[in-house]
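Each remark here refers to the structure printed beneath this line.
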Amino acid sequence: MALTEDSLRAQAARIYEAGRLRHALLESWPVVPIVGLGVFHRASGVFVLVGGAVLLALTIAFSWRGLTWRRAIWPGLLAGAPPLLIPGLAPANSFCWIGGSCWAWCVLLCPLSGLVAGLTLGAVASRQQGRPLQFLIGAASIAAATGAFGCRVAGAWGIIGMLAGGLLGLLPIQVRAGLH
Amino acid sequence: MARLADGDRSAFAAVYQALWPLLRSFVARQLPPSESEDVAQEALLKIFARASDFDPERDAMSWALAIASFDVRTARKRSVRRREQLSAEALAIRSEFAEEELISRDLEAAAVDVLGTLRPSDIETLRCIASGTRPPIPGATFRKRAQRALKRLKLAWRAKHGAD
């Protein structure tokens, strides 16, 4: 082999990046059970493919990039767990009356679980040392992609409700950051 | 190394500068110069390939040297295997030559045995043919004698060994 000093350094850099990509692929294993849950909830093939690809791309990209982005993966996945799991637990065809209109439980549970996710992320991000905004963006995008697999049972309104609940949950940290 | 494992690319140059001279001298102490450079480079590349798997709780130096040691051991095994293969090949070539020599010695003995049954004039003619010299006789006569000597030799060989 006997590479020159410069080509050895260049090859080491290339090999390091390839190793990071391999490591990122291995670290993205939680995407498999999340997509599996989507299939279990009878999500459409297109949704499973697109949603799975987005979540996989996000986790691989963040893990490969490293540092704050990488640290945002697990909090994002954990924050996405309530909207992923809770709406699916509501009994089918169960409704309630709110303000004179009929709402399916699963539709109501999506903004609620989104709110829980938003509050959790806000609390975790506030404890982050350095680049909390980067952390928040990374974790929130992973949480949204994860939660979408659960709130899909309530249709597009379920996903929109989850996102709105999540943003509402993040409000306290935004207000606090504004005050500081 | 912990920073590199976390994805901090700015640590790359520092890790490279610290690691390369260390690996080079570590491998050079254990392998001949013809091999040590290659093995050190292999080890360095392997360390960077696995940098993301590095556990920050561990000692980076011993982790890197463990990888280099493994490469040194592999290189040693490889060279031992190569040496064994080379000696086996040399042995095979030597035995092949020995067999050829034995066959030619047998043939020579058989030829001497057959020549002993021929007339002295035939033996002289055959010797002239083998050495490429010409006796002081006309060409046609020599050709005739040579033809006869070869025919007798053939007959004698067949009578003794049963084949041409």
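Everything quoted here is computed from the prediction, not taken from an experiment. Below, read A as the first sequence line, B as the second, and so on, with proteins coming before strands; counting in each chain starts at 1.
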Using a cut-off of 6.0 Å, state whether more than 12 heavy atoms not belonging to [X] lie near its atom [atom1].
| X | atom1 | value |
| --- | --- | --- |
| B:Arg145 | CZ | no |
| B:Arg119 | CZ | no |
| A:Phe47 | CZ | yes |
| B:Glu89 | CD | yes |

Within one Ile-Leu-Val-Met-Phe-Trp-Tyr cluster: [X] and [Y], side-chain cutoff 4.5 Å:
| X | Y | answer |
| --- | --- | --- |
| B:Phe54 | B:Phe12 | yes |
| A:Val35 | A:Trp29 | yes |
| B:Ile67 | B:Leu23 | yes |
| B:Phe26 | B:Met61 | yes |
| B:Val80 | B:Val39 | no |

Check whether any side-chain heavy atom of A:Ile15 lies under 4.5 Å from a side-chain heavy atom of B:Arg50, and answer yes or no. no

Going by the angle between their ring planes, with limits at 30° and 60°, are B:Phe48 and A:Tyr16 parallel, tilted or perpendicular? perpendicular

Quick check on [X] against chain B: is it the side chain, the backbone, both or neither that has a heavy atom closer than 4.5 Å?
| X | value |
| --- | --- |
| A:Ala18 | neither |
| A:Glu17 | side chain |
| A:Ala24 | neither |

Do A:Arg71 and B:Asp6 pass the side chain to side chain contact (heavy atoms under 4.5 Å, CB included) test, and can you show the C-alpha distance, the side-chain angles, and the key distance before you say yes or no? CA-CA 9 Å; A:Arg71 279 193 280 279; B:Asp6 198 26; 2.8 Å; yes

Would you compute the distance between atom CG of A:Leu8 and atom CH2 of B:Trp20 and round it to the nearest 0.5 angstrom? 5.5 Å

Approximate separation, where rounding is to 0.5 Å, of B:Ser10 OG and A:Leu67 CG: 8.0 Å

Tell me, side chain or backbone of [X] under 4.5 Å from chain A's heavy atoms, or both, or neither?
| X | result |
| --- | --- |
| B:Ala13 | both |
| B:Ile47 | neither |
| B:Gln17 | side chain |

Output yes when B:Asp53 and A:Arg22 qualify as a salt bridge under the 4.0 Å nitrogen-oxygen rule, no when they do not. yes

So, using ring pair (Phe, Tyr, Trp, His ring centres under 6.0 Å) as the criterion, who are the partners of A:Trp69 when residues are at least two apart? A:Phe62

Of the listed residues (A:Glu5, A:Arg65, A:Arg9), which shares the most heavy-atom pairs with chain B below a 4.5 Å separation? A:Arg9

By number, which residues in residues 137-149 of chain A have some heavy atom less than 4.5 Å away from chain B? none

Between A:Arg20 and B:Ala5, which heavy-atom pair has the shortest distance, and what is it? NH1-O, 3.2 Å

